[in-house]
Enquirer: 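Structure below; questions to follow.
By convention in this document, chain letters (A, B, ...) are assigned in the order of the sequence lines, proteins followed by strands, and residues within each chain are numbered from 1.
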2 protein chains.
Amino acid sequence: MPCHDSPDLEKLDLITVLRALADPVRLDIVQRLYVLGEANCAALIGSRPKSSMSHHFQVLRESGILHTRIEGVQHHNSLRLQELEIRFPGLMDSILKNTEAAQLRRQTSS
Amino acid sequence: MPCHDSPDLEKLDLITVLRALADPVRLDIVQRLYVLGEANCAALIGSRPKSSMSHHFQVLRESGILHTRIEGVQHHNSLRLQELEIRFPGLMDSILKNTEAAQLRRQTSS
DNA sequence: TCTATAGTTCGATAGCGATCGAACTATAGA
DNA sequence: TCTATAGTTCGATCGCTATCGAACTATAGA
């Protein structure tokens, strides 16, 4: 059963999580996932090569930020929001709220 | 007037802030500053060379996380908590709470 | 069985950033 | 004016990581 398993809750490390989030591509993935709920890689790839995206998904997965559910050929990714909330209360909230705000700001400005 | 000026509130960038926090040395500095309120560099340098610490303070300063008030020879550093709270509501809270929790965990375990 | 699709793995490259010693700057105090 | 102190700047090194093409794996469907 090839199901990329995410690390346990207690093993999640703040530095690792912050480092995973501190990348524009990954923060974008996280924000889109928040909006979409669940999505396969293809839906999240813009114009970037698959190998790059696969790398970013791996970083997000190993840091514990997202979970990948494999169904046939497709990999369905979703944020581990409930677990992250337990381990790092308020963290994802503050970051997702900000990316929302940033998006709104982008849409309305100029 | 040699007063390292911190960037304006609106200029603070989430990625930049996250990247600044995603380093063990800097996260430690931030956590200590939170406890101490204000401190000069010397008080925050462990056994590391001054030049390394100066680099980390610069990163924290330029990302907008801390402010440096110069008084004679000493540089007094403090977190820009109120401003960060306005710009990224809840972010520092969640991170500082976690580092506190981590500290407690470290102190009480084994 | 053949093909298309979804995603991973591999290997190479390139750039950024952490680290540190050494030289430098600037202020306080003797 | 001389010295000690506090911190910055410079330059080099080194490791990590983002990026990408190419090859690979595995599943679904014809």
Side-chain angles (χ1 to χ4, degrees), chain A residues 1-7 13-33 36 38-78, chain B residues 1-7 13-33 36 38-78:
Chain A
M1 187 185 84
C3 178
H4 307 290
D5 257 322
S6 320
D13 175 47
L14 180 58
I15 297 271
T16 308
V17 168
L18 291 175
R19 208 162 37 204
L21 293 169
D23 176 278
V25 176
R26 290 195 291 265
L27 191 59
D28 187 56
I29 291 176
V30 166
Q31 192 221 326
R32 286 170 192 274
L33 270 183
L36 296 173
E38 194 179 61
N40 61 355
C41 299
L44 297 172
I45 291 184
S47 53
R48 279 163 217 284
K50 298 194 298 178
S51 54
S52 298
M53 295 308 276
S54 186
H55 163 66
H56 288 302
F57 279 111
Q58 187 183 9
V59 172
L60 288 170
R61 213 180 294 124
E62 292 181 347
S63 71
I65 293 174
L66 65 78
H67 173 76
T68 305
R69 181 175 61 84
I70 299 181
E71 198 179 86
V73 162
Q74 304 218 341
H75 293 208
H76 300 280
N77 300 285
S78 55
Chain B
M1 188 186 80
C3 178
H4 306 290
D5 257 323
S6 319
D13 174 46
L14 180 58
I15 297 272
T16 308
V17 168
L18 291 175
R19 208 160 39 202
L21 293 169
D23 177 277
V25 176
R26 289 194 292 265
L27 191 58
D28 186 57
I29 292 176
V30 166
Q31 192 220 327
R32 287 170 191 274
L33 270 183
L36 297 172
E38 194 179 63
N40 62 355
C41 298
L44 297 172
I45 291 185
S47 53
R48 278 163 216 285
K50 298 194 298 178
S51 54
S52 298
M53 294 307 276
S54 186
H55 164 66
H56 288 302
F57 279 111
Q58 188 184 8
V59 172
L60 288 170
R61 213 181 294 125
E62 292 181 348
S63 71
I65 293 174
L66 65 77
H67 173 75
T68 305
R69 181 175 60 85
I70 298 181
E71 197 178 87
V73 162
Q74 306 217 339
H75 292 207
H76 300 280
N77 301 285
S78 55

Enquirer: Using atom CG of N77(B) as one end and atom P of dA6(D) as the other, report the distance to the nearest whole Å.
Expert: 14 Å
Enquirer: For the pair made of NE2 in H76(B) and P in dA6(D), what is the distance, rounded to whole Å?
Expert: 11 Å
Enquirer: Could you tell me if the side chain of N77(A) sits less than 4.5 Å from the side chain of C41(A), heavy atoms only?
Expert: yes
Enquirer: Calculate the interatomic distance between R69(A) atom CZ and dG7(C) atom C1'; express it in whole Å.
Expert: 16 Å
Enquirer: Answer yes or no: is there a side-chain heavy-atom contact under 4.5 Å between E71(B) and N40(B)?
Expert: no
Enquirer: In Å and rounded to the nearest 0.5 Å, what is the NE2 to CG distance from H56(A) to L66(A)?
Expert: 12.5 Å
Enquirer: Whole angstrom is fine here: how far is it from CD1 in I45(A) over to P in dA6(C)?
Expert: 10 Å
Enquirer: When the distance from CD of Q58(B) to P of dG17(C) is rounded to whole Å, what number comes out?
Expert: 12 Å
Enquirer: Compare side-chain N and O positions of R19(B) against OP1 and OP2 of dC16(C) and report whether any pair is under 4.0 Å apart.
Expert: no
Enquirer: For E71(B) and dG29(C), what is the distance between atoms CD and P respectively, to the nearest whole Å?
Expert: 11 Å
Enquirer: Any idea which heavy atoms bring A20(B) and I65(B) closest together, and the distance?
Expert: CB-CD1, 3.7 Å
Enquirer: What's the separation between atom CG in L36(A) and atom CG in L44(A), rounded to the nearest 0.5 Å?
Expert: 6.5 Å
Enquirer: Go through dA6(C), dT8(D), dA6(D) for me and flag the one nearest to the V73(A) side chain.
Expert: dA6(C)
Enquirer: Please determine if a side-chain N or O atom of R61(B) lies less than 4.0 Å away from the OP1 or OP2 oxygen of dT8(D).
Expert: yes
Enquirer: For DNA chain D, list all stems, counting runs of three or more consecutive pairs where every pair is Watson-Crick or G-U wobble with both distances under 3.5 Å.
Expert: C:1-30 with D:1-30
Enquirer: Just verifying a value: how many Å separate S52(B) OG and K50(B) NZ, rounded to the nearest 0.5 Å?
Expert: 12.0 Å
Enquirer: Would you indicate whether the side-chain heavy atoms of I15(B) and D23(A) approach each other to under 4.5 Å?
Expert: no
Enquirer: Could you state the interatomic distance from CD (Q31(B)) to CG (L14(A)), rounded to the nearest 0.5 Å?
Expert: 10.5 Å
Enquirer: Could you please name the option among dG7(C), dT5(C), dA6(D) that lies closest to any side-chain atom of N40(A)?
Expert: dG7(C)
Enquirer: Carefully, step by step, assess R19(A) and V59(A) under the rule side chain to side chain contact (heavy atoms under 4.5 Å, CB included).
Expert: CA-CA 9 Å; R19(A) 208 162 37 204; V59(A) 172; over 6 Å; no
Enquirer: How many Å lie between CG on L27(B) and C1' on dA18(C), as a whole number?
Expert: 16 Å
Enquirer: Return whichever of V25(A) or F57(B) has its heavy-atom-nearest nucleotide of DNA chain D closer to the 5' end.
Expert: F57(B)
Enquirer: Check nucleotides 12-15 of chain D against the protein and report each pair of N or O atoms closer than 3.5 Å, with its distance, or say if there are none.
Expert:
none

Enquirer: Atom CG of D23(B) and atom P of dA18(C): how far apart are they, to the nearest Å?
Expert: 5 Å
Enquirer: Reckon H56(B) has a side-chain N or O less than 4.0 Å from the OP1 or OP2 of dT19(C)?
Expert: yes
Enquirer: Is the shortest side-chain heavy-atom distance between I29(B) and M53(B) below 4.5 Å?
Expert: yes
Enquirer: Determine whether Q74(B) and R69(B) make a side-chain contact, defined as any pair of heavy atoms from C-beta on separated by less than 4.5 Å.
Expert: no
Enquirer: Please state whether the phosphate of dA18(C), meaning OP1 or OP2, lies under 4.0 angstrom from any side-chain nitrogen or oxygen of H55(B).
Expert: yes
Enquirer: With the side chain counted from C-beta on, respond yes when R48(A) and V25(A) share a heavy-atom pair under 4.5 Å apart, and no when they do not.
Expert: yes
Enquirer: Sort me out a list of protein N/O and nucleotides 21-25 of chain C N/O pairs below 3.5 Å, or just none if empty.
Expert:
unit_1: dG21(C); atom_1: N7; unit_2: S51(B); atom_2: OG; d: 3.1
unit_1: dG21(C); atom_1: O6; unit_2: S51(B); atom_2: OG; d: 3.0

